Amino acid sequence: MEEMKKGLEGVVALDTRISYIDGIQGILKYRGINIEELADLSYDIVSYLLINGKIPDYEETNDYSRMLKENRQINGKLIEVLKNFEFGIEALDSLRTAISCIAHFDEQNNHHTPDANKNKSIRLVAKFPTIVAALHRSSFGKEPIQPRETLSHGANFLYMLTGRVPTELEAEAMEKDLILSAEHELNPSTFSLRIAASTLSDMYSAVICGLCTLKGPLHGGARKGVMDMLDEISNPGITKDYVLQKLERKEKIMGFGHRVYKTYDPRARIYKDVARRLAIENGDTYWFDLAEEIEHIMYHEFIEIRGKPIYPNVDFYSAVVYKYLDIPAELATSIFAMGRVSGWIAHCMEQYSDNRVIRPRAHFV
Ligand code: SDX
């Protein structure tokens, strides 16, 4: 039997055509296209690319966008369910239950034909933003806001969350966030989803596996951890002590480090630029400056002093973007999932298309 690798570090579990990561050079490609190029497209086009394996032409883009818009609405019965949640439930827990609900309302839930899976993928991508906005508003007794067809995927989410049509830069920031969050090879949530898909469980169940795994603070939950950290540092004068004392206590600084990237996460670079532009548009660089100071302290501490490649990851500057978009920390992981759902669907379909049950061994000790 093979030697055991804790956390499956460095283990190649399968072949994929969906994404490519070079952790040394800091390269990320979806379907062979660099993330820097994809970040300037729309989430509709990038989610289509991930799920269908190609950039859609003009006709395909219009059809796909139309189908997504036609499926943004959520069932009135689901809104009733959301209204009955006890206050204080974590947003991601509500989202997990809501996805179970839309599965119950989908007559094709347990149909495994390519057509049924295509329909389910449209419903999942289209409804995630509506559900996240509705569960947040119902958590403090507010009625959901109906989706607006004239707005892009990202802009419509911000509108349903706040009731205000976002500025052009805010809308661009949201689209970029969804694109940068969409896919990342065999990260923990995607791998858990592939295991479920490998037993031929249905797509909704596989996505719920992904959601439950993403929730963990060492994975998708880190974005909320970064936002909480920015709030905890009550004034910039204590930043250095705050970070060093956490490290003293052997606590992880959220938003830094990565199992694969041993250099700057290419997504973090793009988020940092968006955060800087939002700060300037807001006329208030406080959050951006605070984050940049934390980055400098971590660089000095890890790269210069300890010689350890700990850089910002996808969750660090995305948290600053969320601050400027007035997104509550409580929603951070759910919004990460809103983007990641298209990558999850792509992996679910890829697993179905060339399947073998995923079943590793264990050394009995
Ligand atoms: C995501 O895999 C993906 O692709 C995930 C993701 C995606 O798109 O799906 O990129 C999204 O999950 C990004 C990561 C978000 N998580 C965090 O920001 C939480 C903080 N980061 C760490 O928990 C950690 O860096 C991990 C979990 C991300 C990676 O951990 P590894 O590869 O298991 O590394 P490790 O924990 O073994 O750390 C190696 C060393 C340790 O020190 P020693 O025990 O060797 O002395 O580096 C230290 C760690 O203590 N270290 C950190 C640190 N990250 C690593 N120390 C302080 N702060 C950190 N953030």
Side-chain angles (χ1 to χ4, degrees), residues 5-13 16 18-24 26-30 35 38-39 46 50 92 176-194 209-230 242-271 291 294-295 297-303 305-320 329 332-333 335-344 346-347:
K5 295 280 175 50
K6 200 160 175 57
L8 297 185
E9 180 147 18
V11 170
V12 177
T16 183
I18 299 168
S19 60
Y20 167 76
I21 304 173
D22 178 330
I24 306 303
I27 294 168
L28 170 60
K29 297 175 186 240
Y30 298 170
I35 192 65
L38 296 169
V46 174
L50 285 168
L92 200 99
K176 280 187 161 63
D177 173 54
L178 295 170
I179 291 165
L180 295 170
S181 301
E183 159 62 13
H184 210 243
E185 197 217 67
L186 287 190
N187 62 85
S189 54
T190 299
F191 190 52
S192 74
L193 168 135
R194 286 203 70 143
C209 283
L211 266 179
C212 298
T213 309
L214 187 74
K215 177 180 174 185
L218 297 187
H219 185 17
R223 211 166 282 192
K224 177 180 182 307
V226 177
M227 295 179 81
D228 293 344
M229 171 170 67
L230 293 172
Y242 177 95
V243 172
L244 296 182
Q245 281 160 20
K246 260 179 109 72
L247 294 173
E248 277 296 302
R249 297 193 298 266
K250 288 280 179 216
E251 289 172 27
K252 297 262 176 36
I253 305 296
M254 295 293 117
F256 285 86
H258 201 275
R259 175 63 62 78
V260 178
Y261 290 119
K262 299 309 168 195
T263 182
Y264 219 100
D265 185 327
R267 301 167 293 177
R269 282 193 205 290
I270 301 169
Y271 274 119
I294 295 170
E295 180 185 352
I297 294 163
M298 287 293 283
Y299 184 87
H300 178 65
E301 193 53 39
F302 277 95
I303 289 118
I305 295 179
R306 306 184 193 188
K308 275 190 179 180
I310 306 280
Y311 290 85
N313 60 45
V314 68
D315 292 318
F316 189 62
Y317 282 104
S318 52
V320 182
T333 313
I335 297 171
F336 192 160
M338 264 167 49
R340 185 52 55 93
V341 68
S342 53
W344 285 339
H347 279 275

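All values below were derived from every heavy atom in this structure, side-chain atoms included, with hydrogens, water molecules and symmetry-related copies excluded. What you see is a predicted model, and the numbers here were worked out from it, not measured in a lab. For ligands, and for the atoms within them, numbers begin at 1 and follow the listed sequence.
- Heavy-atom contacts of Arg340 reach the following atoms of ligand 1: 7 (C), 8 (O), 9 (O) (cutoff under 4.0 Å).
- Listed here is the closest heavy atom pair of Pro309 and Ile303: CA-CG1, 4.5 Å.
- At a cut-off of 3.5 Å, with distance as the only test, no side-chain donor of Thr213 or His219 sits close to an acceptor on the other residue.
- Nearest protein heavy-atom neighbour of atom 14 (C) of ligand 1: Asn313 ND2, 3.5 Å.
- For Arg306 and Phe302, the positive end sits near the middle of the six-membered ring, less than 6.0 Å away and at most 45° from its axis.
- No option in Arg267, Arg340, Arg223 other than Arg223 meets the side-chain hydrogen bond (donor to acceptor under 3.5 Å, both in side chains) test with Ser181.
- Residues Asp177 and Tyr271 have side chains that bring a donor and an acceptor to within less than 3.5 angstrom of each other.
- Residue Glu9 places no N or O, backbone or side chain, under 3.5 Å from any N or O of ligand 1.
- Neither the backbone nor the side chain of Glu185 has any atom closer than 4.0 Å to an atom of ligand 1 (non-hydrogen atoms only).
- Annotation: Gly220 places no N or O atom under 3.5 Å from an N or O atom of ligand 1; distance criterion only.
- Distance remark: protein heavy atom present below 4.0 angstrom from atom 58 (N) of ligand 1.
- Between Met254 atom CE and Asp315 atom CG the span is 9.5 Å, to the nearest 0.5 Å.
- For atom 26 (C) of ligand 1, no protein non-hydrogen atom is found at a distance below 4.0 Å.
- Here Ser342 contributes atom OG and Tyr30 contributes atom OH; the two are 7.5 Å apart, rounded to the nearest 0.5 Å.
- Nearest non-hydrogen protein atom to atom 17 (C) of ligand 1 is Ala222 CB, 3.5 Å.
- Between the CG atom in Leu211 and the OG1 atom in Thr333 there is a gap of 10.0 Å [rounded to 0.5 Å].
- Checking each of Asn187, Leu186, Leu28 against Ile21 for a side chain to side chain contact (heavy atoms under 4.5 Å, CB included) leaves exactly one that passes, namely Leu28.
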Q: Might you work through the side-chain contact (heavy atoms from CB on, under 4.5 Å) test for Lys308 and Lys262, ending with a clear yes or no?
A: CA-CA 9 Å; Lys308 275 190 179 180; Lys262 299 309 168 195; over 6 Å; no

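- Counting only heavy atoms from C-beta outward, the side chains of Ile270 and Leu180 approach each other to under 4.5 Å.
- For Met298, no nitrogen or oxygen atom sits less than 3.5 Å from a nitrogen or oxygen atom of ligand 1, counting backbone and side chain alike.
- No N or O atom of Asp265 sits closer than 3.5 Å to an N or O atom of ligand 1.
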Q: Go through the steps for Glu183 and His347 under the test side chain to side chain donor-acceptor pair (under 3.5 Å), then give the verdict.
A: CA-CA 9 Å; Glu183 159 62 13; His347 279 275; 2.8 Å; yes

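- Under the 4.0 Å distance rule, the nearest protein heavy atom to atom 10 (O) of ligand 1 falls inside the cut-off.
- Between Leu180, Leu218, Ile253, it is Leu218 that holds the heavy atom closest to atom 16 (N) of ligand 1.
- Distance check on atom 39 (C) of ligand 1: every protein heavy atom falls at or beyond the 4.0 Å cut-off.
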Q.
One pair to check against side-chain contact (heavy atoms from CB on, under 4.5 Å): Leu178 and Met338. What are the steps and the verdict?
A. CA-CA 7 Å; Leu178 295 170; Met338 264 167 49; 3.8 Å; yes

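- Between the Lys224 side chain and the Gly220 main chain, no donor and acceptor come within less than 3.5 Å of each other.
- Residue Ile310 has at least one heavy-atom neighbour below 4.0 Å for each of these atoms of ligand 1: 47 (O), 51 (N), 54 (N), 55 (C).
- Ligand 1 is never approached by Arg223 to a heavy-atom distance shorter than 4.0 Å.
- Distances between N or O atoms of Asp315 and those of ligand 1 include no value under 3.5 Å.
- Within ligand 1, the atoms closer than 4.0 Å to a non-hydrogen atom of Val314 are 11 (C), numbered from 1 in the order shown.
- Distances from atom 30 (O) of ligand 1 to the protein include no heavy-atom value under 4.0 Å.
- If you check which protein heavy atom lies closest to atom 46 (O) of ligand 1, you get Lys308 NZ, 2.9 Å.
- Ranked by closest heavy atom to atom 56 (N) of ligand 1, the top entry among Phe316, Phe302, Tyr261 is Phe302.
- On a distance-only criterion, Lys262 and ligand 1 share no N/O pair closer than 3.5 Å.
- Protein heavy atom at the shortest distance from atom 49 (C) of ligand 1 is Lys252 CE, 3.6 Å.
- The shortest contact between atom 6 (C) of ligand 1 and any protein heavy atom is with His258 NE2, 3.8 Å.
- In summary, the atoms of ligand 1 found under 4.0 Å from a heavy atom of Arg267, numbered by their order in the structure, are 7 (C), 8 (O), 10 (O).
- Scanning all protein heavy atoms for the shortest distance to atom 28 (C) of ligand 1 gives Gly257 O, 3.7 Å.
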Q: Test Tyr311 against Asp265 for side-chain contact (heavy atoms from CB on, under 4.5 Å), laying out the working first.
A: CA-CA 7 Å; Tyr311 290 85; Asp265 185 327; over 6 Å; no

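- There is a protein heavy atom closer than 4.0 angstrom to atom 33 (O) of ligand 1.
- Ligand 1 lies less than 4.0 angstrom from a heavy atom belonging to Leu247.
- At least one heavy atom of Gly255 sits closer than 4.0 Å to an atom of ligand 1.
- Counted by atom type alone, Tyr20 and Glu185 present zero donor-acceptor pairs between their side chains at under 3.5 Å.
- Among protein heavy atoms, the minimum distance from atom 4 (O) of ligand 1 is reached at His184 ND1, 2.6 Å.
- Classified by interplanar angle (parallel below 30°, tilted 30° to 60°, perpendicular above 60°), the ring pair Phe256/Phe316 is tilted.
- Residue Lys250 has no N or O atom closer than 3.5 Å to an N or O atom of ligand 1.
- Checking only distances, Glu251 never comes within under 3.5 Å of ligand 1, N or O to N or O.
- No more than 12 heavy atoms of other residues, nucleotides or ligands shown are found within 6.0 angstrom of CD on Glu248.
- Nearest protein heavy-atom neighbour of atom 24 (C) of ligand 1: Phe256 O, 4.3 Å.
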